[in-house]
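In what follows, a structure is listed as structure tokens, so that the remarks can point back to it.
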Amino acid sequence: TLLTGCDVTDSFSAESMLKQISKFNDGVQAAIFNPNALAPTFPESAITKPFPFNAYYGLEDAPTIDGKEWKLEVRGLVDNKKSWTLEELYKLPQVKQVTRHICVEGWSAIGSWTGTPLRDFLKLVGADTRAKYCWFQCADAEGYNSPLDMATALHPQTQMTFKFGDEILPRAYGFPMKIRVPTKLGFKNPKYVISMEVTNDYKGGFWEDQGYNSFSGS
Ligand SMILES: Nc1nc2c(c(=O)[nH]1)N[C@H]1C(S)=C(S)[C@@H](COP(=O)(O)O)O[C@H]1N2
Ligand SMILES: [Mo]
């Protein structure tokens, strides 16, 4: 074949090389990330209606969670390891943001999300903020998870979201809680969150494991 010189027959090594490059990119992106730069905000009139639903399955297969039974488990490098009920979380101070959600699939939409800044919650639970990641697990039938680098977890706009458009977060958008990260791509915004682990270990994620950059942000 004409391509002998660069024919990559050993797809295993090609793949691991791409993974190395991706990891390198994550490092460079994290290094140039300005932890204080804010994602743009918009007036309420700019909100996209209807706001798209997206997951790796159709809406009919989205988790149906009973808000009275649900708990958020907080574990790992935190002083207060405990599970939080929705009632307890609803008592925390909340702020609203109107920001743009950008999906790698090539669409974006502006939405309104209200909830507690994650950095306030990390402080409240006595998280070791020198740890590398907050790792989120979700209730999806086949699982969904995603690691968030600590600098982004502490970003002022990163939010534990309980409301969409001033209403209790609908099932489509992650009831009872999603993590809204306006400085990251859509897949780094886990919905139906059931646990948060503060950790130094890179535990991978649903899309990250399939080759998407873990940093994936601005
Ligand atoms: N639990 C869970 N969270 C998820 C996903 C998913 O499949 N499951 N998909 C991600 C992707 S790729 C996108 S674009 C957004 C879509 O959020 P939306 O339904 O609020 O638009 O959720 C993200 N969070
Ligand atoms: Mo996405």
Side-chain angles (χ1 to χ4, degrees), residues 22 26 29 39-42 44 46-67 69-75 84 86 89 94 96-116 118 133-149 152-153 155 157-197 203-218:
S22 180
D26 277 338
Q29 288 175 86
T41 56
F42 300 86
E44 305 236 344
I47 293 169
T48 307
K49 286 174 188 162
F51 191 86
F53 159 83
N54 196 40
Y56 63 91
Y57 44 74
L59 181 53
E60 63 286 358
D61 293 326
T64 306
I65 292 174
D66 178 350
E69 297 288 314
W70 176 90
K71 276 184 182 160
L72 174 71
E73 187 194 345
V74 176
R75 55 173 202 262
W84 291 70
L86 201 47
L89 292 171
Q94 299 190 10
K96 190 199 294 195
Q97 62 169 275
V98 178
T99 50
R100 189 192 298 276
H101 171 114
I102 303 166
C103 175
V104 272
E105 285 171 0
W107 57 271
S108 81
I110 293 168
S112 158
W113 291 274
T114 301
T116 302
L118 181 61
Y133 307 100
C134 287
W135 188 62
F136 298 98
Q137 278 186 295
C138 308
D140 311 47
E142 276 126 74
Y144 190 93
N145 47 35
S146 188
L148 193 61
D149 60 277
T152 304
H155 185 278
Q157 287 169 310
T158 299
Q159 184 189 79
M160 298 169 84
T161 301
F162 303 111
K163 286 181 175 174
F164 184 85
D166 304 322
E167 306 286 337
I168 294 293
L169 195 65
R171 175 171 168 241
Y173 309 137
F175 180 81
M177 190 185 93
K178 73 173 272 173
I179 304 295
R180 173 70 189 132
V181 191
T183 54
K184 296 270 187 216
L185 289 174
F187 79 91
K188 303 288 298 180
N189 289 238
K191 307 191 284 183
Y192 322 105
V193 173
I194 50 173
S195 75
M196 176 182 84
E197 179 172 342
K203 301 198 170 211
F206 185 87
W207 289 114
E208 290 84 348
D209 295 350
Q210 295 176 58
Y212 288 98
N213 254 197
S214 187
F215 192 79
S216 286
S218 56

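Just follow the structure's listing: the first ligand is 1, and inside any ligand the first atom is 1.
- The N/O atoms of Lys191, backbone and side chain alike, include one that comes under 3.5 Å of an N/O atom in ligand 1.
- Ligand 1 has a nitrogen or oxygen under 3.5 angstrom from a nitrogen or oxygen of Pro52.
- Per-residue contacts place Cys103 under 4.0 angstrom from the following atoms of ligand 1 (heavy atoms of the residue considered): 14 (S).
- The contact set between ligand 1 and Tyr192, taken as ligand atoms under 4.0 Å from a residue heavy atom, comprises 1 (N).
- Summarising the geometry of Leu148 relative to Thr158, their closest heavy-atom pair is CD2-CG2, 4.0 Å, with the distance given to 0.1 Å.
- Scanning the protein for heavy atoms near atom 20 (O) of ligand 1, the closest one is Tyr173 CD2, 3.4 Å.
- For the residue pair Gly115 and Phe162, the shortest heavy atom distance occurs at CA-CD1, 4.0 Å.
- Between Tyr192 and Tyr144, the gap from one ring centroid to the other reaches at least 6.0 Å.
- Close N/O approach between Trp207 and ligand 1 is not found [any backbone or side-chain N/O within under 3.5 Å].
- Residue pairs that meet the salt bridge (Lys or Arg N to Asp or Glu O under 4.0 Å) test with at least one member in residues 170-186, sequence neighbours left out, are Asp149-Lys184.
- Closest protein heavy atom to atom 24 (N) of ligand 1: Asn189 O, 2.9 Å.
- In summary, of the residues considered (Glu73, Gln137, Lys71), a side-chain hydrogen bond (donor to acceptor under 3.5 Å, both in side chains) with Ser195 occurs for Gln137 alone.
- Residue Cys138 has at least one heavy-atom neighbour below 4.0 Å for each of these atoms of ligand 1: 1 (N).
- Near Tyr56, meaning under 4.0 Å from one of its heavy atoms, ligand 1 places the atoms 7 (O).
- Taking both residues in full, the closest heavy atoms of Leu169 and Phe164 are given as CD1-CB, 3.8 Å, listed atom of the first, atom of the second, then distance.
- In this structure, Tyr173 has its ring center no closer than 6.0 Å to that of Phe53.
- In terms of protein heavy-atom proximity, atom 1 (N) of ligand 1 is nearest to Asp140 OD1, 2.8 Å.
- The shortest heavy-atom distance from Phe51 to ligand 1 is under 4.0 Å.
- If you number the atoms of ligand 1 from 1 as listed, the ones under 4.0 Å from a heavy atom of Trp107 come out as 14 (S), 21 (O).
- One finds the CG atom of Leu118 at 12.0 Å from the NE2 atom of His155 (value rounded to the nearest 0.5 Å).
- The ligand atoms of ligand 1 that sit less than 4.0 angstrom from a heavy atom of Ala172 are 19 (O).
- Remark: Lys191 does not engage Asp140 in a salt bridge, criterion side-chain N to carboxylate O under 4.0 Å.
- Of the polar atoms of Asn54, at least one N or O is found under 3.5 Å from an N or O of ligand 1, judged by distance alone.
- Considering backbone and side-chain atoms together, His101 places no N or O closer than 3.5 Å to any N or O of ligand 1.
- The shortest non-hydrogen separation linking Asn54 to Cys103 is ND2-SG, 3.8 Å.
- Of all protein heavy atoms, the one lying nearest to atom 9 (N) of ligand 1 is Tyr144 OH, 3.8 Å.
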